[in-house]
Protein chains: 2
Amino acid sequence: MADGPTINTIAERAGVSIASVSRVLNGLPTRQETVRKVMAAADELGYVRNAVARSLKSRRTHQVAFAMADVGNPAYLAMLREIQPVLKAAGYRLVLHSTDAVAADEIDVLHSLGERYVDGLIMSPLRVTEAHLRMLATARAPVVIIGSVPEGTRVDNVRADSRTGVRLAVDHLYALGRRRIAMINGPLDTVPGAARGAAYREALHDLGLPYDESLVQIGDFYRPEGARAVAALLDRVPDVDALMCANDLIALGALDVLRAAGKRVPEDVAVVGMDDTDLAAASWPSLTSVSLGSAERGKAAAELLLERLRGDAGEPRVVTVPPRLAVRASTAGPDYDRRQSGYDGEGGGK
Amino acid sequence: MADGPTINTIAERAGVSIASVSRVLNGLPTRQETVRKVMAAADELGYVRNAVARSLKSRRTHQVAFAMADVGNPAYLAMLREIQPVLKAAGYRLVLHSTDAVAADEIDVLHSLGERYVDGLIMSPLRVTEAHLRMLATARAPVVIIGSVPEGTRVDNVRADSRTGVRLAVDHLYALGRRRIAMINGPLDTVPGAARGAAYREALHDLGLPYDESLVQIGDFYRPEGARAVAALLDRVPDVDALMCANDLIALGALDVLRAAGKRVPEDVAVVGMDDTDLAAASWPSLTSVSLGSAERGKAAAELLLERLRGDAGEPRVVTVPPRLAVRASTAGPDYDRRQSGYDGEGGGK
DNA sequence: TGATCGTCTGTAAACGTTTACGGATTGGGG
DNA sequence: CCCCAATCCGTAAACGTTTACAGACGATCA
């Protein structure tokens, strides 16, 4: 596989200088005759511009990185799905990092911006540490954070409003007559865990319901642990009548356990998930879920970043995406499902 | 944001030549004293190696591209999940392309290898055209194809065995006593569509069942269209007793329609999906599905590519990943589910 | 003491582009 | 016929590295 042709090869064959070749390839004003010769030579040789050399000179890579906490989590995938086409349309390639929610990995990604292999970064850290903030302050390329960030941090960021999201869900459960509403949460030292926990407490308060420690169960954000958490809760509080789960995976775990325990959903226990992933619509009973707008957040983040890349040097911006409650059978009952599950609904494929 | 420090800045500050700096940074034998000075200067300046310049000189980008047909399809995501860590462990970054299964886009990606912004490519085309083959033959970097490729194509490739997969499913349905087994397929001009269709026919033949045109319904590979296809089939053949669906999304659409039509699953109609995505375990009734080993295929592809990148110039290799039937409630019935859905099963989170 | 060897370091070229600058060519006007 | 402006093009430097080569230096040996 002989070394591919370069601008030099073309120059030689066309009998012009490399400067002319470059000019032609970049569409700068050039005599017709020269254009013809260069184009002909380029075609014959099957020339393709070397992106690396180009980037070195132009200081632009036309690549953007997206660092997601977890390639397995549908919420991040939803972001990815939106980010990808936006970047592509703007002529950027997407470099994907998976940090497994390990802070050190995230710091690494931030640090590696110094390598200048990307023009910008979109990142969704699960926790934001001191080290994150320090790195952010000195980042060598524009960064957009998806998720909340301490007040005053000078960085573009797109946040979900999980407080309102939880509120929507709890209000919905309350309206259905539920009064013993438990919360199954992930770790409290994660950004979403903390926010959702606080919002739950607040929502109860505003409804005049007492905050009962024994109704709160902490696990992680995955299905098996979610199931274990619900089992533990059920042991402790057999007469619970609603579960507010901190994400859909936990909620699916909850459905497993409730089914095994012979509880009817939603007659005995209503269940709400969060993130409104594909799984929510697919499960049975289909899962009422709070959409925190993952898709919209991804899109917004990509657009913010693109503005920066176009040279916008204004103040850091904060975009907040409003939540939405997707009501399904796990709270509204099978009637809901019978009404909705016709084969002409559901969206899905492109 | 002053321009970051370069090897020159360091050389100046440390009072040595750029060659020495480079040597130190690359761990080549150097006097202790020099190493110390360079390291000190580098630290103070917060130096980070410029990846672009490095790539230009070394002709290695340490990036690999993965071109998937559809960022939304869980089967490809499963591949992505496996590919990512393998590459990361080997020190490669992942550039993600979504081709939306458009041949022109795929050709584009192949063509863009000439830009040399990646060291290699993993691609999973839905259809393989003449143009694909031509581009593959002259690709400017190692390529691994996930999916089948015409005999004799000189390219590494990792394939699923959908023939055996369909066979497993049809045999399973037959063993359950089903005799009117329909197939809901995607377009026949796609690689998977064609393979699955042929396999279905063959499986029936080997079981001594007649091939009945009216039992075959073609749509696309997504849920709404899958639902429409099943509805059409049901109109035509009301007494069908099993559905072999060409993927899980189609199968979910099938469940929607069957439920709306008042058919019990699996008592009246047994349903099998393909790809064994997360959705299969999450749906209700949980979906029996043929795993074509997406995850394993992704992993194998990444490993094949890494071998090439390490310089292996041997003959093209073909890896075939064996399918597996994941039996769940949509064929085995709720008993199965009651046995399995305990809260300590299911896997899932990492 | 001078030749020889080995170790370490600096100079410079190279990777494949883009682009500032100035020289050559052309054409038109006086 | 000459001059000037406009147009086009080539030379060379630059982007930030890596690395071949050769020079400098000190030490070792005869």
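Everything numeric here is computed off the predicted structure, so don't read it as measured data. Residue numbers begin at 1 in each chain, while the letters A, B, ... track the order of the sequences.
- An OP1 or OP2 oxygen of dG16(D) is reached within less than 4.0 angstrom by no side-chain nitrogen or oxygen of Asn8(B).
- Closest to the side chain of Ala19(B), out of dG16(D), dG10(C), dG10(D), is dG10(C).
- Taking atom NZ of residue Lys57(B) and atom C1' of nucleotide dT17(D), one finds them 8 Å apart after rounding to whole Å.
- Taking 4.0 angstrom as the limit, Arg31(A) places a side-chain polar atom (N or O) nearer than this to OP1 or OP2 of dC9(D).
- The residue Ser55(A) sits apart from the nucleic acid: no heavy atom pair falls under 4.0 Å.
- One donor-acceptor pair, N or O on each side, does fall under 3.5 Å between the base of dG10(C) and the side chain of Arg23(B).
- Salt-bridge formation is not detected for the pair Glu307(A)/Arg310(A): no Lys NZ or Arg NE/NH1/NH2 atom is positioned less than 4.0 Å from an Asp or Glu carboxylate oxygen.
- Out of dA14(D), dC9(D), dG16(D), the shortest distance to the side chain of Thr34(A) is found at dC9(D).
- Note on Ser17(A): a side-chain N or O is less than 4.0 Å away from OP1 or OP2 of dG10(D).
- The CG atom of Leu25(A) sits 12 Å away from the C1' atom of dG16(C) (whole-angstrom rounding).
- Counting non-hydrogen atoms under 4.0 angstrom, Val52(B) reaches nothing in the nucleic acid.
- For dG16(D), neither phosphate oxygen OP1 nor OP2 lies less than 4.0 angstrom from any side-chain nitrogen or oxygen of Arg116(A).
- The base of dG16(D) is not paired with the side chain of Arg59(A) by any donor and acceptor separated by under 3.5 Å.
- For the pair Tyr117(A) and dT17(D), the criterion of a side-chain N or O lying under 4.0 Å from OP1 or OP2 is not met.
- Distances shown here put a side-chain N or O of Arg54(A) below 4.0 Å from the OP1 or OP2 atom of dT18(C).
- Rounded to a whole Å, the CD1 atom of Ile18(A) is 12 Å from the P atom of dC15(C).
- The nucleotide whose nearest atom lies closest to any side-chain atom of Ser20(A) is, among dT9(C), dG16(D), dG10(D), dG10(D).
- Nearest to the side chain of Asn50(B), among dT18(D), dC9(D), dG16(D), sits dG16(D).
- The side chain of Thr6(B) sits closest to dG16(D) out of dG16(D), dT17(C), dT18(C).
- Taking only side-chain atoms of Ser22(A), from C-beta outward, the nucleotide of dT18(C), dT18(D), dC15(C) with the closest atom is dT18(C).
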